[in-house]
Each structure stands twice: as C-alpha cells, then as structure tokens.
Amino acid sequence: MRLSQLFFATLRDDPADAEMPSHRLLLRAGYVRQLGSGLYSLLPLGYRVTKRVEQVIREEMNAIGGQELEMPVIHPADLWRESGRYDQIGPEMARFKDRGDRDMVIAMTHEEVVTDLLRDIVHSYRQLPVRLYHFQTKFRDEPRSRGGLIRVREFVMKDSYSCDRDDEGLDASYWAHHGAYVRIFERLGLDAIPVASDVGMMGGSLAHEFMVLNPSGEDLLVLCDSCGFSANRQVAAVRVPAASEASQLPLEEIETPGATTIAELAAFLGIDAAATAKAAFFTAGDGRLITAIVRGDRDVNETKLSNAAGVSGGLRPATVEEIRAAGMEPGYGSAVGAHDTTVVVDGLAAGTPNLVAGANRVGYHLRNVNLGRDYRADLVSDIDNARAGDACPVCAHPLALRNGIEVGNIFKLGTRYSAALGATYLGEDGQAHPIVMGSYGIGLGRNVACIVEAHHDEKGIAWPDEVAPYPVHLVSIGTNKEPRVAELATELHDGAAAARPRHGAAGFPGGREILWDDRDESPGVKFTDAELLGMPWIVTISPRSLAAGGVEVTRRATGQRVVLPLEEARAWLVEEGSPPPTGD
RNA sequence: CGGGGCGUAGCGAAGCUUGGCAUCGCGCGUGCUUUGGGAGCACGAGAUCGUGGGUUCGAAUCCCGCCGCCCCGACCA
C-alpha cells in the first residue's frame, strides 16, 4: 500500500479529548475516528489490526474445536422475554419496534439466540458436545463510555458458547477455553491475568475474567504476590480471624449527640472504628430491605452482599422511610430491634464481641452489642470489601490492590438458558436433559487498545508482529537525487504485494503487502510518521543506504538497526519464507 | 444520574473577565527553492464562533433554554 493513497491522516497535536495513550495514539496515527460518545469508526489501518486480532482468536478457537457461525444483531424481544432478561435488564439494552409494531432489541450478547438454535437443531446426546462462536457487533447503552476504545457502546466481540451433556463436559469446555484464552493473549502480546470473578447478569456458577493491569482500568483486582491468588474485588474473599473469646459485657445505652458517622462516633467516644458496627441499608429489586452489618472500619461489598442475600434485581440504597419502617434510624442504625428486614452480618463483625452500634434512636448508641444476644442475623456471610494489605485468604500474605482492564471472560452458565428456553437433548437413558452451557467473550476493540497500551513509546505505537496492519514500513528518501531509489522501492513494494500471503496470515488478503511511504515529504516527516504508525520493521532506502550496501532495517520496538544487502531484502520481502533480518 | 470541564477553520489554541473589523501555530492549495529527523520564501482558500431565544445601536463576549463531547463518581459480562 502506497501511503500517498492510504485513507488516513496523522495529527501533529494530541486531540484534546484523548487521555489514555492508546486513545491518543490510535487517533493521532489515523487508526480510528470518533463518531459520537462510545462510537468509533475503524479507518483502514485500524480495521486491518482488528482483523488480525480476529484471526488470532479464530485460529485458537478452531484449535479447541470451535465452529464459526454468525447470528443476527437484531433480535425479537419475545426471545428475551423467554429467558426473563427482557424485563431484568434496564436501559442498557436498546429496544425498538419494527414496522409491524413488533418489539425488537439490539443484541447485547447472544445466549438467547444460540440457545434458540440449539433447541432447534440438537435432539440427541450424539450431537454433543459442540462449541460455537462468532464475531459480532453488540450494543450496550452504557451510562458512560470512556477511555477511547476501552469502554464503548457499540463494539465487536468474539463470543463463544459451549454446549455439553453434563457438568463434566462443561468443565472440559470451560478449561479448554481458559487454555485458548491464555494462548490468545500471549499471541496478542498482552499479559492477561485470569482472576476469579462475579457471574453478574449472565447467571451461572463459575467465572473468570482475563485482566490486563492498567492504571486506567475500571476493575479492582486483589492480588497475592506470594501464592498467586487473584480475584476481582467484587468477589475477593476476606480472611476472618478466629472469633474473639472475650466475654460478653452488659448492653448499655449511651448518648452520642450528632455522631451519625462511624468517624464521628469513634472520635466522640475516643475508640477505634474497629470497635464499632456499621449498618448499611439497601432495597433489593424484589422490594426486600437488606440490612448489612460490617465492622466499623470495613466497607460493605455490594456484589458479595447481593450474592449472599440471593438478590436478583440488584441493590439500591434504601430511603430514610424504608429504613424507619423496619424500626431503624438512619445515622443511629443497627439491627438491634429491627423487623421486616433481611439482616446479613459479615463474619468479622459477627466474631467481634462488644461492639458499639446504633440504638435506632436519634442521638443514642449502644455499647457491648453482641450478635445472637442483642440482635439476630438471617445470614452470617463474607460481605466485606477487600483492601490492600489485608491477609491473603489462601496464604495470609498481605494483598495488593491493582487496577485492571477486562480483556476477556469465561462463564459457566449451566442450564440457566437451556432450561428457560427448553433446549434439551435425549440422553442415553431416553430422558430429556437440558443442555449444559458456557459463554466466553473477548472484545476486539478493547484488545486493540490494550495492545497499544502495552506496546508504545513516546514516539508512537510499536505493534507486535502478530497484529501489525503491515509487517514493514518502507521509507524512500532522496528519490530526486538517485533514480534507483524509486526503482528499487517500487520493486520491493510491488513484489511484496504480489507475493502469496505469509504463513499465519491465512484468510487475510494482502498479508504480505508492505506499506510504502512514497509521499513527497521531507525525511523528518516520514520517519516521524513511521514511528507513530508503528509497523514492526522500518526499512529505509536512500542514496546513503545504497552507498552503505543496501537498505537500512530498523526494529521499531527496540530501535536496533542493520544494513541489509539488496538481495537479502528481496529475499525477505518478495520471496516467501525468508526470516526477518535480525532478532529482537 | 451527581460533581467538574469544554464547544471559535481539518487539528491544537487565543480572544470572553471589561460587548466594537475573526486572531495565532500546524495542516491544506499554487509557484519557486529544498530532501537523512516534523524545511524556506511568496501568494491563496478555508469559520452560520455548537444551537435556539433574549438584552443591546452593536454579542464569540452578557442572560436563559437546549444539544454535544471529555474527566471523576454512581453504574456496568
């Protein structure tokens, strides 16, 4: 591809709206353009990178027996009503009516459709297992998009679905995907860490997210550098020390005027926050009031609370009226004397005797509150939010908290969708069984952005070989001084374009094509753009390089530079199978 | 949805406080010179100042509404 013909433009100045390096560089180098909030066009360069990422994923999915297909972006709402998600999911899902006044939705994901296909086609255990995947557009009307391509509203995702006879089969499919993902991210040049995660809106029993550490990441990861424990903070267990043996002291009401927060209470009484109990009130989607009790120095983890209490429709902070209706007083609240509420007590608070807790009366607290004697719990469970420095739940080593970006996820769905939609097969026993499913996603655009995050310097992008839009950026200089420069550049460029695709670029037309900066620009402009665009190899041909014996080859990522004789350059770029001229 | 910021030529910005000819750099076009690290000179094109209303002799500038974008938080496979 001649750069003079390429549809792109580099920007000399950083766009005002871009903060993350990947966003800034993809914009400046002409890979993407923004259409609206969370909506991006992929320009030819960005499209080629995305297609190469797609190809890596395709190869690894095929390697575990995946079969590629394609499912629609527009779905009838009735299908989503069957699974129950039509009403469960909020404004994040786009809905509209077609001309026949039928309710339709724009796909956020494809569990329903794949399950519909299964109930149509699979009837016997002999047809299982099967692993299906596709690359398809999703739309999620996020409350807030951010970070360039990191969090967008419309995006292409590889989603795959495993369909097995039983839990054993699902387990095999799950770990097959786990392995495939490890290989995919390694090939993409990403250090992705699998962490235990919440099952969220997918439902299911086991889930991992593959996370790339990044200061702009939206997720918080709890990591142990001693034993390797890793979890999303949403689900990270907190280690609870053995319950205290201290004897219970008599309950005592004390006046605490104006002390409505733990900090004020602790300061007023001159005690540590850890000697108090904190009550937090939530209203569940089903209308229940949930009262969560944690030790005063800790915080409630809403995901863990929601899972522990078996809440389906999510949690929102309770209103003052709702709290009072259950016999409690905001600011001076506790579970003592509470009624008509589900009380969930964290293990740490349950095991700490004689806490100071609210008296459910304005201006008063209670000393020496003890679970069992003074209030009851519907449930004692870990609902504590993990913090940096906490003891690892596995090995007790101090934990670290890091930000991460989710580049992929794997979920055990079980029979959540097959049961709801009636996707069953006849087993060897002659009985109908629901198909046991798993769901596995990788967002393409987000991965492209993460690759740039991991592979750039102050000058620009430095693509890994596996995903670069073109392997080589040919820079010709001094064509007016030396006619051979243009002749040789044309020969190399045209020769590479005519060559058969390089091994590993199957299905990718023009896989051996190189980029040639044939523009009438000064050398400075050409070099600067070459470094910004980030092809793995920059090949310079000029009177000077010819005098030195050939072309100059620079490895973009390392800056390592060698002079390559013309014959070797031809062998490398035009004739198939020649290795790159230098190591890294 | 809460808090903050921004919207002026393709890009980046100044001008707004204190109303009075639309400004600068880059980029773009033409010509000449230049060609190993974002070249020089000359000429030139390009802006409903996000949008609607109001105040005023006069609004990019002051007032009100709306739209859009970014950041933090809430939210979120």
Side-chain angles (χ1 to χ4, degrees), chain A residues 8-20 23-24 27-28 30 33-39 85 89-93 107-111 138 140-148 150-153 155 157-161 197-204 207-211 216 218-219 232 234-235 302-303 306 314-317 405-413 416 438-443 446 459-460 475-482 485-486 517 519-532 538 540-548 551-552 554 561:
Chain A
F8 89 122
T10 56
L11 304 175
R12 186 173 293 205
D13 301 306
D14 281 335
D17 285 342
E19 302 217 337
M20 286 183 74
H23 190 196
R24 216 179 63 230
L27 237 30
R28 274 194 55 203
R33 277 297 115 101
Q34 182 170 12
L35 177 65
S37 184
L39 305 171
R85 288 160 116 191
I89 295 173
E92 200 175 327
M93 180 158 69
M108 303 176 58
T109 171
H110 285 79
E111 279 77 17
K138 316 281 191 244
R140 295 179 188 175
D141 197 357
E142 301 285 353
R144 185 185 153 210
S145 54
R146 71 185 89 188
I150 296 297
R151 185 172 201 77
V152 295
R153 296 193 295 170
F155 56 98
M157 169 178 273
K158 183 288 297 178
D159 42 325
S160 49
Y161 303 91
S197 72
D198 186 45
V199 295
M201 79 166 186
M202 305 301 317
H208 283 87
E209 292 164 337
F210 285 76
M211 292 284 189
S216 300
E218 302 177 88
D219 287 280
N232 192 309
Q234 292 179 323
V235 298
E302 283 188 42
T303 304
S306 176
L315 296 172
R316 62 164 173 82
I405 297 170
E406 180 188 347
V407 289
N409 58 41
I410 56 179
F411 283 91
K412 281 192 179 181
L413 296 175
R416 158 85 175 78
S439 153
Y440 316 87
I442 298 180
R446 180 180 286 190
K459 292 175 174 172
V475 175
S476 55
I477 292 170
T479 47
N480 59 334
K481 275 191 189 165
E482 169 58 83
V485 169
D517 191 345
R519 298 175 301 174
D520 184 23
E521 289 286 355
S522 70
V525 171
K526 291 189 175 192
F527 288 133
T528 307
D529 275 348
E531 284 155 344
L532 178 61
I538 298 170
T540 307
I541 181 162
S542 69
R544 187 193 288 187
S545 80
L546 291 176
V551 300
E552 202 174 87
T554 306
R561 186 176 299 189

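Order of the sequence lines fixes the chain letters, A, B, ..., with proteins taken first and strands second; residue numbering starts at 1 for each chain. Just so it is clear, the structure is predicted and the values come from calculations on it, not from any experiment.
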Heavy-atom donor-acceptor pair, [X] side-chain to [N] base, under 3.5 Å:
| X | N | value |
| --- | --- | --- |
| A/R140 | B/A77 | yes |
| A/E521 | B/G37 | no |
| A/R28 | B/G38 | yes |
| A/T109 | B/A77 | yes |

### Query
Do A/R24 side-chain atoms and A/A18 backbone N/O form a donor-acceptor pair below 3.5 Å?
no
### Distance between P atoms of B/G2 and B/C16 (Å, rounded)
32 Å
### Task
Write down the distance separating the C1' atoms in B/G53 and B/A59, rounded off to the nearest Å.
13 Å
### Query
Looking across every strand, which nucleic acid part, if any, lies under 4.0 Å from A/Q234 by heavy atom: base, sugar-phosphate, or nothing?
nothing
### Task
Indicate, with a heavy-atom threshold strictly under 4.0 Å, whether A/K526 touches base, sugar-phosphate, or nothing.
nothing
Output a table of nitrogen or oxygen pairs between the protein and nucleotides 68-70 of chain B separated by less than 3.5 Å.
unit_1: B/C69; atom_1: OP1; unit_2: A/S37; atom_2: N; d: 2.7
unit_1: B/C69; atom_1: O3'; unit_2: A/Q34; atom_2: NE2; d: 3.4
unit_1: B/C69; atom_1: O2'; unit_2: A/D17; atom_2: OD2; d: 2.7
unit_1: B/C70; atom_1: OP1; unit_2: A/Q34; atom_2: NE2; d: 2.9
unit_1: B/C70; atom_1: OP2; unit_2: A/S37; atom_2: OG; d: 3.0

### Query
A/E406 CD to B/A77 P: how many Å, rounded?
10 Å
### Task
Please state whether the phosphate of B/G27, meaning OP1 or OP2, lies under 4.0 angstrom from any side-chain nitrogen or oxygen of A/R12.
yes
### Task
Specify the residue among A/D14 and A/I442 whose closest nucleotide of RNA chain B lies further upstream toward the 5′ end.
A/D14
### Task
Give a yes or no on whether a salt bridge exists between A/R416 and A/E111, defined as a side-chain N under 4.0 angstrom from a carboxylate O.
no
